[in-house]
Amino acid sequence: MTLAALNNELHQVLSDAQLVATRLPGLPELELWLLDPANLNRAFSSEETQQLLDQPPYWSFCWGSGLALARWVLEHPQQVRDKRVLDFGSGSGIVAIACAKAGAQQTIACDIDPQAQMASALNAQLNGVSLTLAADYFAVTGDIDLIIAADVLYDSDNCVFLEHFRQRAPRVILADSRVRDLQHPCYTRLNTLQGQTWPDLGEPLAFREVALYGNND
């Protein structure tokens, strides 16, 4: 897993794009390999637009909910310290890295996208922590103390996992900037966090408000 290999994956979507080591707004403790903002300051051809829609390199962004949840983890290390944590839909690995930094006994970055796994590994290396990579949530064995996830509820198909999460782990923490009124009897809104996608996509200000949910078992 090398930076060159990950850049090559990015070039399949945007031929002139590059990943750059980036400090995050409001989260100076961590650094990620993210899409160079300069690559967004131009018009895209119709072919590039279609490629972005077909193969979005979401792992090359730090999404607002992930940034907010990572900040929350670092401010509440007791939530993860000495625990075996699974980060579901880990993307760039930002939340998993925060868990490792906060003293988790083991952090599993779980994502079905091989490019996301590669990004998580390189970002973990950049931050001097170790992650366990997993492609299949259902193939992860052993006890899990905490399942944590950011921006997975926007896809209604993922709501089936809400019940499975609470059966698999005694504690579940979710962050989402699109779903601010989760209607589920076993989950409670805990807080409202502030987050921002980086590089900045010019999202509406409302999407910088991130709902934090936890299971109430």
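Owing to the predicted nature of the structure, the values given are computational and were not obtained by experimental measurement. Residues: numbered from 1 along the sequence shown.
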May I ask you to say whether Arg71 pairs ionically with Glu29, meaning some side-chain N is under 4.0 Å from a carboxylate O?
yes

Side chain of Ser90, backbone of Gly93: donor and acceptor closer than 3.5 Å?
no

Minimal non-hydrogen separation, Gln79 against Leu146, with atom names:
O-CD2, 3.8 Å

What I want to find out is whether Arg178 reaches Glu209 closely enough, with some N-O distance under 4.0 Å, to be called a salt bridge.
no

Check: Arg180 main-chain N/O paired with Arg189 side-chain donor or acceptor under 3.5 Å
yes

Look at the side chain of Ser120 and the backbone N and O of Gly91, then say whether any donor-acceptor pair between them is shorter than 3.5 Å.
yes

For the backbone of Val210 and the side chain of Gln194, can you confirm whether one donor and one acceptor N or O come within less than 3.5 Å of each other?
no

Backbone of Asn123 reached by a side-chain donor or acceptor of Asn127 within 3.5 Å:
yes

Whether the side chain of Tyr187 engages the backbone of Leu162 through a donor-acceptor N/O pair (distance < 3.5 Å, no angle test) should be reported.
yes

If we ignore hydrogens and angles and just use 3.5 Å, is the side chain of Asp36 paired with the main-chain N or O of Ala38 as donor and acceptor?
yes

Could you report the tightest heavy-atom contact between Ser60 and Leu19, atom names first, then the distance?
CB-CD2, 3.9 Å

State, with a plain yes or no, whether a side-chain heavy atom of Gln196 is found less than 4.5 Å away from one of Pro25.
yes

Atom CG of Asp136 with >12 non-hydrogen neighbours under 6.0 angstrom
yes

Charged N to carboxylate O under 4.0 angstrom, Asp200 versus Arg208?
yes

Within the structure provided, determine whether Glu48 and Leu14 are in side-chain contact (heavy-atom separation under 4.5 Å).
yes

With a 4.5 Å heavy-atom cut-off, do Gln18 and His11 have their side chains touching?
yes

Which atoms form the tightest heavy-atom contact between Ile147 and Ala169, and what is the distance?
CG1-CB, 3.8 Å

From CA spacing to verdict: side chain to side chain contact (heavy atoms under 4.5 Å, CB included), Phe207, Thr197
CA-CA 9 Å; Phe207 288 159; Thr197 296; over 6 Å; no

Do Asp87 and Cys99 make a side-chain contact, defined as non-hydrogen atoms from C-beta onward lying under 4.5 Å apart?
no

Determine whether a donor-acceptor pair (N or O, by modelled atom type, separation under 3.5 Å) exists between the side chain of Ser177 and the backbone of Ser65.
no

Just so I know, are the side chains of Arg171 and Arg166 near enough to count as touching, which here means a heavy-atom distance under 4.5 Å?
no

Would His184 and Tyr213 count as a close aromatic pair, with their ring centres under 6.0 Å?
no

Has Asn215 got a side-chain atom pairing as donor or acceptor with Pro170's backbone, closer than 3.5 angstrom?
yes

Taking the side chain from Asp151 and the backbone from Asp176, do they hold a donor-acceptor pair closer than 3.5 Å?
no

In a check of side chain to side chain contact (heavy atoms under 4.5 Å, CB included) between Ile94 and each of Leu34, Leu67, Leu30, which one passes?
Leu30

